[in-house]
Amino acid sequence: MPDGISEGEMLSRIRQARLDKLEELRARGVEPFAYSYGVTHLATPSAAEFEALGEGRGGEIAGRWAGRMVALRSHGGSSFADLEDHTGRLQAHFRRNVLGEELYSLIPLLDLGDWIGVEGALFRTRAGEVTIGATDLALLCKSLRPLPFGKVAQDAESGAAVTHSGLSDREARYRQRYTDLAVHPERREVFRARASVVSAIRAFLDGLGYLEVETPVLQPLYGGATARPFQTHHHALDRTLYLRIADELYLKRLIVGGMHRVYEIAKDFRNEGIDRYHNPEFTMLECYQAFADYETMMGLVEQLVLEAATAAGCGEELSYQGSRIHLATPFQRISFVGSLAEAIGADPITAPLSDLRASAEALGARDLAAADRGKLLDKLFGLAVQPALLQPTFVVNYPAFLSPLAKEKRGAPGVTERFELFAAGQEIANAFSEQNDPIAQRTALEEQAALRAAGDLEAHAVDEDYLMALEYGLPPTGGVGIGIDRLVMLLTDQPSIRDVIIFPTLRSP
RNA sequence: GAGCCGGUAGCUCAGUUGGCAGAGCAACGGACUUUUAAUCCGUAGGUCCUGGGUUCGAUUCCCAGCCGGCUCACCA
């Protein structure tokens with residue numbers, strides 16, 4: 001290989017054949033890597049326009065289309081190419097006696113994957129397909145490597161669909177996302193839906209008077225969630241900084257400052273395991289509203305999920321991995337403590353730790369020797385209750401010791417004004433009436449700090465600056481965090497978080 | 001981190017009870033001016049993930065490693 005990359009002989013030969021074509025094109029005065037092309041029409045909209053015009057008037061739709069050539073069927077003096085742009089595919093028809101010998105003879109020098117521009121007018125072929133009758137052809141970019149375009153054929157005997165090629169190797173799909181996207185338009189659609197969801201959320205919150213803000217990614221102390229952080233070092237300041245695990249404490253400082261409704265949609269980073277529901281960097285929406293409580297935020301979340309579903313192109317009824325999900329509001333509510341008590345047949349708050357441990361082990365949990373009540377309840381909930389929460393469900397009444405940043409529930413000591421939203425067995429959102437009593441907050445954080453001192457790397461630190469902010473006065477505030485990746489998974493029916501994160505974290509090759 | 005499964009042509013996969021490595025699509029040459037899985041004729045293409053070991057001989061068996069998937073652990 002000229003570039004020294006060790007590759008298979010076949011790939012090398014395919015690539016060499018394309019390099020030879022490149023030389024041939026240049027010899028003919030054709031630049032294979034163009035600077036621009038004046039596109040006037042898009043594939044799918046122009047075909048729809050053609051259909052709307054009625055027969056005999058297709059020639060009125062004339063101009064220039066550009067896209068990647070994804071199929072080529074050559075018949076000697078006449079050739080058909082499938083052009084794909086971001087709206088879809090459109091066939092182009094090239095004829096020797098229309099293009100002329102010189103231009104037509106470029107067609108054998110084209111390859112699948114090349115970007116081309118086609119000038120002409122739409123017509124309908126005998127076979128009924130809307131097609132560009134090409135009067136000019138421009139090469140916009142020569143592709144040197146073969147893309148694995150798939151073909152779906154019918155097996156002659158069984159009639160079953162047989163897929164040829166395509167890119168199904170998951171590693172290749174994630175590592176070379178550009179290839180995955182290039183040959184699978186439906187995967188581009190997932191990311192388009194994701195963008196629509198995020199835009200809709202912004203529009204929804206902006207419409208409610210929320211202000212979008214940006215808070216630090218690099219933080220001297222990490223907080224707002226229980227998770228292990230990524231750690232880095234600032235050389236000039238010679239100090240350790242952490243990549244944020246949550247935005248929460250900064251956003252609430254802004255509420256102290258009088259910015260009554262704020263939100264942030266941003267990456268958080270958690271140094272934990274990777275699986276189909278977890279990526280080390282992931283996108284979180286957090287929003288905080290002054291004078292609101294968790295009940296207010298519940299209504300906000302219901303509306304927001306419906307807005308997001310609309311943006312993603314699904315209605316209130318959707319299918320996730322074969323299950324029917326109904327997004328109709330109000331979402332069901334269950335009690336954390338109550339549902340857990342029912343599931344394990346004991347009171348989660350008063351049952352001896354040994355009983356809880358035994359229940360958890362009976363459900364398959366391991367390594368529980370050091371687990372305190374909080375960890376055991378969390379584990380038990382995850383095993384015994386959560387998987388059954390298929391339909392959107394607000395879980396309320398979380399124990400206070402699991403929720404150091406939430407206010408105690410009115411009239412119910414020991415539990416907090418907190419909810420989590422679950423759907424398809426996964427946590428989607430987490431919200432509280434935010435703790436605004438600086439004394440109570442200090443007590444809760446100091447309890448966390450004690451756990452931390454005892455070796456719990458996920459426990460909160462005491463953030464003195466945050467406590468100082470609270471002493472200046474945090475008005476009653478409702479706050480919610482929503483995992484955007486998981487919401488998009490749900491709304492686009494994708495099985496893995498890696499299917500909705502465009503470049504997911506992978507081990508080094 | 002553990003268990004299971006996998007890595008063979010550019011892609012999707014089959015296969016070798018240990019003995020010259022297979023198909024479809026893609027590619028290359030040729031025919032063909034309305035095809036769309038185009039068709040027809042012909043050709044070529046391999047570090048069987050890597051490194052050790054056993055063996056006359058390893059892509060196949062054994063060990064270790066790398067990478068991935070799933071499950072579990074961890075993890076709001």
Side-chain angles (χ1 to χ4, degrees), chain A residues 6-18 20-21 70-82 89 91-99 104 108 111-113 123-129 131 133 145-156 161-175 179 183 224-228 245-246 268 270-280 282 284 364-368 374-375 378-379 381-383 386 395 398 402-403 418 420-422 426-430 457-458 481 483 486 495-496 498 506-509:
Chain A
S6 170
E7 288 176 295
E9 172 73 6
M10 192 61 215
L11 176 56
S12 163
R13 288 173 59 146
I14 292 171
R15 193 162 171 275
Q16 189 56 52
R18 293 186 176 202
D20 291 345
K21 290 177 182 175
V70 298
L72 179 64
R73 297 172 291 282
S74 186
H75 305 260
S78 165
S79 298
F80 294 88
D82 290 345
R89 290 188 177 191
Q91 179 171 262
H93 185 211
F94 304 104
R95 300 172 68 185
R96 180 179 280 138
N97 63 353
V98 173
L99 292 181
Y104 191 79
D111 288 292
L112 300 191
F123 73 106
R124 189 187 298 279
T125 63
R126 261 186 247 154
E129 179 155 350
T131 299
R145 288 176 185 262
L147 282 168
F149 293 109
K151 278 192 176 180
V152 180
Q154 268 200 329
D155 187 274
V162 181
T163 303
H164 296 294
S165 198
L167 189 66
S168 69
D169 181 79
R170 293 180 84 85
E171 179 177 5
R173 281 181 39 208
Y174 299 140
R175 269 189 212 290
T179 308
V183 303
T226 53
R228 295 177 64 178
I245 58 172
D268 288 344
R270 298 187 184 176
N271 207 338
E272 315 272 9
I274 298 176
D275 61 27
R276 52 188 284 231
Y277 301 106
H278 297 87
N279 195 65
F282 62 101
M284 179 87 97
R366 285 177 287 163
D367 302 327
L368 296 172
K375 288 232 180 297
D378 210 32
K379 174 59 63 185
F381 186 82
L383 290 169
Q386 182 177 331
V395 177
Y398 279 79
L402 271 179
S403 317
R418 172 184 182 185
E420 290 198 359
L421 173 64
F422 289 85
Q426 282 304 306
E427 180 194 343
I428 304 289
N430 180 25
L457 294 170
E458 290 147 14
R486 289 183 183 172
S496 168
R498 286 180 160 174
L506 300 172
R507 203 184 289 262
S508 296

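Small disclaimer: the values here were computed from a predicted structure and weren't measured. Side chains are part of it too, since the values below use all heavy atoms of this structure and drop only hydrogens, waters and symmetry mates. Just so it is clear: chains get the letters A, B, ... in the order the sequence lines come, proteins before strands, and each one is counted from 1.
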Return no unless some side-chain N or O of [X] is found under 4.0 Å from OP1 or OP2 of [N].
X        : N      : value
A:Lys21  : B:rC28 : yes
A:Ser12  : B:rA27 : no
A:Ser78  : B:rU34 : no
A:Arg507 : B:rG68 : yes
A:Lys379 : B:rC74 : yes
A:Arg175 : B:rG68 : yes
A:Arg276 : B:rU71 : yes

Would you indicate which nucleotide in [options] comes nearest to any side-chain atom of [X]?
X        : options                : result
A:His75  : B:rU36, B:rC75, B:rA38 : B:rA38
A:Arg126 : B:rG68, B:rU35, B:rC28 : B:rU35
A:Pro148 : B:rU35, B:rC74, B:rC11 : B:rC11
A:Leu167 : B:rC67, B:rU12, B:rA44 : B:rU12
A:Ala127 : B:rU35, B:rC75, B:rC67 : B:rU35
A:Ile14  : B:rG10, B:rC74, B:rU34 : B:rG10
A:Arg170 : B:rC28, B:rC70, B:rU12 : B:rC70

Contacts of A:Pro495 and A:Ile274 projected onto RNA chain B by closest heavy atom; the upstream (5') one is A:Pro495
What integer distance in Å separates [X]:[atom1] from [N]:[atom2]?
X        : N      : atom1 : atom2 : value
A:Leu383 : B:rC72 : CG    : P     : 9 Å
A:Asp82  : B:rA26 : CG    : C1'   : 15 Å
A:Asp378 : B:rA73 : CG    : C1'   : 15 Å
A:Gln16  : B:rG29 : CD    : P     : 13 Å
A:Phe381 : B:rC75 : CZ    : P     : 16 Å
A:Arg73  : B:rC25 : CZ    : C1'   : 15 Å
A:Gln91  : B:rA38 : CD    : C1'   : 11 Å
A:Leu147 : B:rA27 : CG    : P     : 12 Å

So, does the side chain of A:Arg96 form a donor-acceptor pair with the base of B:rU33 at under 3.5 Å? no
Between B:rA38 and B:rA26, how many Å separate the two C1' atoms, rounded to a whole number? 15 Å
Could you work out the separation of B:rA14 and B:rA31 based on their P atoms and round it to a whole Å? 38 Å
Using 30° and 60° as the class limits, which term best fits the ring planes of A:Phe381 and A:Phe422: parallel, tilted or perpendicular? tilted
Among all residues two or more places apart in sequence or in another chain, which pass the ring pair (Phe, Tyr, Trp, His ring centres under 6.0 Å) test with A:Tyr398? A:Phe336
Within a 6.0 Å radius of atom CZ on A:Arg124, are there more than 12 heavy atoms belonging to other residues, nucleotides or ligands? yes
Between the side chains of A:Glu171 and A:Arg173, is the shortest nitrogen-to-carboxylate-oxygen separation below 4.0 Å, so that they form an ion pair? no
Give none if [N] has no partner; otherwise give the nucleotide forming a Watson-Crick or G-U wobble pair with it, both distances under 3.5 Å.
N      : answer
B:rG51 : B:rC63
B:rA58 : none
B:rG24 : B:rC11
B:rU17 : none
B:rG29 : B:rC41
B:rC4  : B:rG69

Would you mind classifying the nucleic acid contact of A:Arg418 as base, sugar-phosphate or nothing, using non-hydrogen atoms under 4.0 angstrom? base
Applying a 4.0 Å non-hydrogen cut-off, can you work out what A:Asp275 is touching in the nucleic acid: base, sugar-phosphate, or nothing? base
Do A:Ile274 and A:Pro280 have side chains that approach each other closer than 4.5 Å (heavy atoms only, starting at C-beta)? yes
